[in-house]
Amino acid sequence: MLFHVKMTVILPADMDPAVATKLKADEKELAQRLQREGQWRHLWRIAGHYANYSVFDVPSVEALHDTLMLLPLFPYMEIEIDGLCRHPSSIHTDDR
Ligand SMILES: O=C(O)C[C@H]1C=CC(=O)O1
């Protein structure tokens with residue numbers, strides 16, 4: 001199942017910079033692993049914002065929820081999710 005996910009990161013203004021740096025490094029490591037494994041299909045920065053648009057390919061809504069909760073920055077994110085399905089006018093036949 002494909003999901004379009006918008007993640008907006010809001011770090012507390014008084015967060016220790018060293019803690020923020022570690023969280024971002026851990027997040028990057030997991031994000032890159034999930035991309036290599038194929039669950040995190042797309043990851044795009046939203047220009048001008050500490051936010052991204054992502055596409056996840058996971059077996060279920062529960063799997064998406066569990067994956068997002070693993071993200072080190074999850075406690076500092078606002079997340080919006082839309083389920084995706086094929087558009088009847090799409091010319092791409094190689095996707096689900
Ligand atoms: O930077 C972000 O958008 C938040 C998060 C998503 C992937 C990652 O490495 O950090």
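We number each residue from 1, following the sequence as shown. All ligand and atom numbering here is 1-based and tracks the order in the structure.
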Open item on the list: Tell me whether E37 is salt-bridged to R33, with the criterion being a basic N under 4.0 Å from an acidic carboxylate O.
Closed with: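 A salt bridge links E37 with R33.
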Task: Shortest protein contact, atom 1 (O) of ligand 1 (heavy atom only) - done: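 For this ligand atom, the closest protein heavy atom is R45 NH2, 2.8 Å.
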In the structure I gave you, are the side-chain heavy atoms of [X] and [Y] within less than 4.5 Å of one another anywhere?
{"X": "W40", "Y": "Q32", "result": "no"}
{"X": "P72", "Y": "E27", "result": "yes"}
{"X": "M77", "Y": "L68", "result": "no"}

Task: Proximal candidate to atom 4 (C) of ligand 1 [heavy atom criterion; set V9, L30, I46] - done: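 Minimum heavy-atom distance to atom 4 (C) of ligand 1 goes to V9.
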Open item on the list: Could you work out, for atom 5 (C) of ligand 1, the closest of E29, K28, E27, Q35 by heavy-atom distance?
Closed with: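 Among E29, K28, E27, Q35, the closest heavy atom to atom 5 (C) of ligand 1 comes from E27.
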TODO: Would you please determine whether Q32 falls within less than 4.0 Å of ligand 1 on a heavy-atom basis?
DONE: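 Outside the 4.0 Å threshold, so no.
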Task: Within-shell test, W44 vs ligand 1, heavy atom, strictly < 4.0 Å - done: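 No.
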Task: ligand 1 contact on K24 by region, counting heavy-atom pairs under 4.0 Å - done: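 Looking at K24 and ligand 1, no heavy atom falls under 4.0 Å.
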Open item on the list: Side chain or backbone, does N52 bring an N or O within less than 3.5 Å of an N or O on ligand 1?
Closed with: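 Right, the criterion is met.
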- [ ] For ligand 1, find out whether one of its N or O atoms is nearer than 3.5 Å to an N or O atom of W40.
- [x]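 By distance alone, the answer is no.
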TODO: Supply the atom-to-atom distance F3 CZ to T67 OG1, rounded to the nearest 0.5 angstrom.
DONE: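 Interatomic distance, F3 CZ to T67 OG1, rounded to 0.5 Å: 10.0 Å.
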- [ ] Quick one: do H4 and Y53 satisfy ring-ring contact (aromatic ring centres under 6.0 Å, His included)? Show the steps, please.
- [x] CA-CA 7 Å; H4 181 268; Y53 286 127; 5.1 Å; yes
